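Taking it in order: structure first as structure tokens, then the write-up.
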Protein chains: 2
Amino acid sequence: MASAFLKIQTGETKTQPLICQRPEYRYMPKKRMYVCPIEAAMDVIGGKWKPHILWKIKDAPLRFGAIQEKLPAISQKMLTRQLRALEADSLVSRTEYPGMPPRVEYALTERGQSVIPILSSLKDWADEELADQINEHE
Amino acid sequence: MASAFLKIQTGETKTQPLICQRPEYRYMPKKRMYVCPIEAAMDVIGGKWKPHILWKIKDAPLRFGAIQEKLPAISQKMLTRQLRALEADSLVSRTEYPGMPPRVEYALTERGQSVIPILSSLKDWADEELADQINEHE
DNA sequence: CTGTATCCGTCACGATACTG
DNA sequence: CAGTATCGTGACGGATACAG
């Protein structure tokens with residue numbers, strides 16, 4: 001009973017159908033119900049890459065490749081996976097432009113826009129309180 | 001070069017001496033320099049337990065056992081470790097009252113107080129945007 | 001260009017037993 | 001009461017190869 005606290009839905013999800021059916025979704029965590037709102041928020045905007053991605057596309061929509069250029073350290077797999085997760089949580093929208101070569105643009109949704117102020121305050125807090133641990137120009 | 005992005009200091013820390021020498025610190029991550037302030041903030045207040053702990057002691061100092069009572073799902077080990085980490089980052093203070101049985105109280109520092117508004121806004125955002133995924137009375 | 005598939009390592013976290 | 005020690009597991013993330 002104890003360990004059911006955080007990960008309520010680890011196996012197959014019956015009550016909560018997947019928002020997106022593309023294969024990459026197999027790899028997505030299926031935690032979708034929380035007892036704590038902060039935990040839910042952390043899951044949606046937390047992790048190693050999501051804040052970066054949101055931050056990069058906050059001013060203008062970007063194509064897959066463009067995001068990757070701005071985030072040199074991310075692997076294709078992780079970029080894809082994080083974008084899918086953000087899409088499933090309705091923080092970013094994905095627009096496919098048919099043709100050859102393919103073009104896909106990612107943009108913040110309204111909900112996505114609404115997290116930017118939170119990230120900003122997080123950034124401000126860190127700049128103020130953790131200045132000694134941050135080296136932005138490296 | 002790529003993977004040096006996040007974990008800059010994984011091995012021995014030379015420039016940043018550990019704040020606390022107690023043995024549990026062996027198990028603490030030694031990431032102490034960041035290129036991104038949000039990442040620094042996430043590291044300091046993120047994770048599975050830190051927001052919970054901060055939230056529980058935000059109104060009044062609590063003893064180790066009291067925190068554990070309020071967080072039934074956490075193991076002793078994790079509570080100890082997270083408290084050490086928060087202490088090292090100066091978000092909580094640890095006050096030992098000698099005697100038998102031992103008593104230790106944990107309280108928010110000033111820096112700790114300063115993260116509460118951020119957690120609040122995170123909570124408000126989730127309550128608003130992720131209401132369908134949250135079941136607070138369970 | 002925008003992904004998918006597969007293999008693999010590391011680390012956060014959990015369970016349990018033990019201690020001053 | 002407030003920890004420590006030890007072992008185990010799975011999720012997260014990285015590297016590389018392949019595909020429409």
Side-chain angles (χ1 to χ4, degrees), chain A residues 1-11 20-31 39 42-43 46-50 52-53 62-69 71-85 87 94-106, chain B residues 1-7 9-11 20-31 39 42-43 46-50 52-53 61-69 71-85 87 94-106:
Chain A
M1 58 174 178
S3 63
F5 181 64
L6 178 67
K7 309 170 190 178
I8 295 178
Q9 305 266 2
T10 300
C20 176
Q21 300 288 353
R22 266 170 289 135
E24 262 292 294
Y25 275 74
R26 266 182 277 166
Y27 303 109
M28 287 188 39
K30 302 221 180 53
K31 296 183 293 182
E39 226 157 341
M42 284 295 196
D43 220 48
K48 184 169 174 177
W49 297 113
K50 286 176 183 172
H52 286 275
I53 296 172
L62 282 182
R63 297 186 19 217
F64 187 91
I67 301 176
Q68 208 175 15
E69 272 172 44
L71 255 46
I74 198 173
S75 65
Q76 273 187 336
K77 184 181 80 170
M78 288 316 295
L79 182 52
T80 305
R81 196 182 291 184
Q82 300 307 312
L83 284 170
R84 292 286 180 280
E87 193 192 348
R94 177 181 187 275
T95 314
E96 206 164 331
Y97 297 95
M100 238 348 229
R103 261 185 66 212
V104 181
E105 265 192 8
Y106 293 92
Chain B
M1 58 171 178
S3 62
F5 180 64
L6 177 66
K7 311 172 189 180
Q9 303 267 1
T10 299
C20 177
Q21 300 288 353
R22 266 171 290 134
E24 263 292 293
Y25 276 75
R26 267 183 276 166
Y27 303 109
M28 285 186 42
K30 302 220 179 55
K31 297 183 293 185
E39 225 157 341
M42 283 295 195
D43 219 48
K48 183 168 175 179
W49 297 112
K50 286 177 183 172
H52 286 276
I53 296 172
L62 282 182
R63 297 181 22 212
F64 186 91
I67 301 175
Q68 208 175 13
E69 273 172 43
L71 256 48
I74 198 173
S75 66
Q76 275 188 334
K77 184 181 82 169
M78 287 317 294
L79 182 51
T80 304
R81 196 182 291 186
Q82 301 306 312
L83 284 169
R84 292 286 178 280
E87 193 192 349
R94 178 182 185 276
T95 315
E96 205 164 331
Y97 296 95
M100 233 357 222
R103 262 185 65 211
V104 181
E105 265 192 8
Y106 292 92

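The model shown is predicted, which means the values in this text are computed figures rather than measured ones. Chain identifiers are assigned alphabetically (A, B, ...) following the order of the sequence lines, protein sequences preceding nucleic acid strands; residue numbering begins at 1 within each chain.
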Next item on the list: May I ask you to verify if any side-chain N or O of A:Lys48 is less than 4.0 angstrom from the OP1 or OP2 atom of D:dG14?
Entry: yes
Margin query: Please pick, from C:dT2, D:dG13, D:dC1, the nucleotide with the shortest atom-to-atom distance to any side-chain atom of A:Gln76.
Written below: C:dT2
Check: Roughly, in whole Å, what's the span from CD in B:Gln68 to P in D:dC1?
Finding: 10 Å
Next item on the list: Take atom CG of A:Leu79 and atom P of C:dC1, then tell me their distance rounded to the nearest Å.
Entry: 14 Å
Item checked: Selection from C:dT2, C:dA5, C:dC13 that lies nearest to any side-chain heavy atom of A:Lys77 -> C:dA5
Margin query: Does D:dC1 have OP1 or OP2 under 4.0 Å away from a side-chain N or O of B:Tyr106?
Written below: no
Next item on the list: Give the rounded distance in Å between these two atoms: CD of A:Glu87 and C1' of C:dG3.
Entry: 13 Å
Note to self: Which residues pass the side chain to side chain contact (heavy atoms under 4.5 Å, CB included) test with B:Pro61, not counting sequence neighbours?
What the structure shows: B:Glu105, B:Ala107
Check: According to a strict under-4.0 Å criterion, is B:Arg81 in side-chain N/O contact with OP1 or OP2 of D:dA2?
Finding: no
Next item on the list: Could you tell me the separation between the CD atom of A:Glu96 and the C1' atom of C:dT2, rounded to a whole number of Å?
Entry: 9 Å
Item checked: Nearest-angstrom distance from the residue atom OH of B:Tyr97 to P of D:dG3 -> 13 Å
Next item on the list: Starting at atom CD of A:Glu39, determine the distance to atom P of C:dC13, rounded to an integer number of angstrom.
Entry: 11 Å
Next item on the list: Could you tell me the separation between the CG atom of B:Leu83 and the OH atom of B:Tyr106, rounded to the nearest 0.5 Å?
Entry: 5.0 Å
Next item on the list: Compare the minimum distances between each of D:dC1, C:dG3, D:dG13 and the side chain of A:Arg94, then state the nucleotide with the smallest one.
Entry: C:dG3
Item checked: Partner set under side chain to side chain contact (heavy atoms under 4.5 Å, CB included) for A:Gln68, not counting sequence neighbours -> A:Phe64, A:Ile74, A:Gln76, A:Leu79
Item checked: Which nucleotide in C:dA17, C:dG3, D:dG14 has an atom nearest any side-chain atom of A:Thr80 -> C:dG3
Note to self: If the cut-off is 4.0 Å, is A:Arg103 near the phosphate of C:dG3, judged by side-chain N/O to OP1 or OP2?
What the structure shows: no
Margin query: Under 4.0 Å from OP1 or OP2 of D:dA2: is there any side-chain N or O of B:Arg63 that close?
Written below: yes
Check: C:dC1 C1' sits how many Å from A:Glu105 CD, rounded?
Finding: 13 Å
Notebook entry, point to check: So how far is it from A:Gln82 CD to A:Leu71 CG, rounded to the nearest 0.5 Å?
Noted result: 10.5 Å
Item checked: Closest listed nucleotide, where the reference is the side chain of A:Val104 and the choices are C:dG3, D:dA2, D:dG20 -> C:dG3
Margin query: Less than 4.0 angstrom between a side-chain N/O of A:Arg84 and OP1 or OP2 of C:dT4, yes or no?
Written below: yes
Next item on the list: May I ask you to verify if any side-chain N or O of B:Gln82 is less than 4.0 angstrom from the OP1 or OP2 atom of C:dC13?
Entry: yes
Check: Choosing from D:dG14, D:dC1, D:dA2, which nucleotide comes nearest the side chain of B:Pro101?
Finding: D:dC1
Note to self: Quick check for you: to the nearest 0.5 Å, what is the distance between A:His52 atom NE2 and B:Glu39 atom CD?
What the structure shows: 3.5 Å
Next item on the list: Could you tell me the separation between the CG atom of B:Leu62 and the C1' atom of D:dG3, rounded to a whole number of Å?
Entry: 17 Å
Note to self: Under a 3.5 Å distance rule, please check whether B:Lys50 uses its side chain to pair with a backbone N or O of B:Met42 as donor and acceptor.
What the structure shows: no
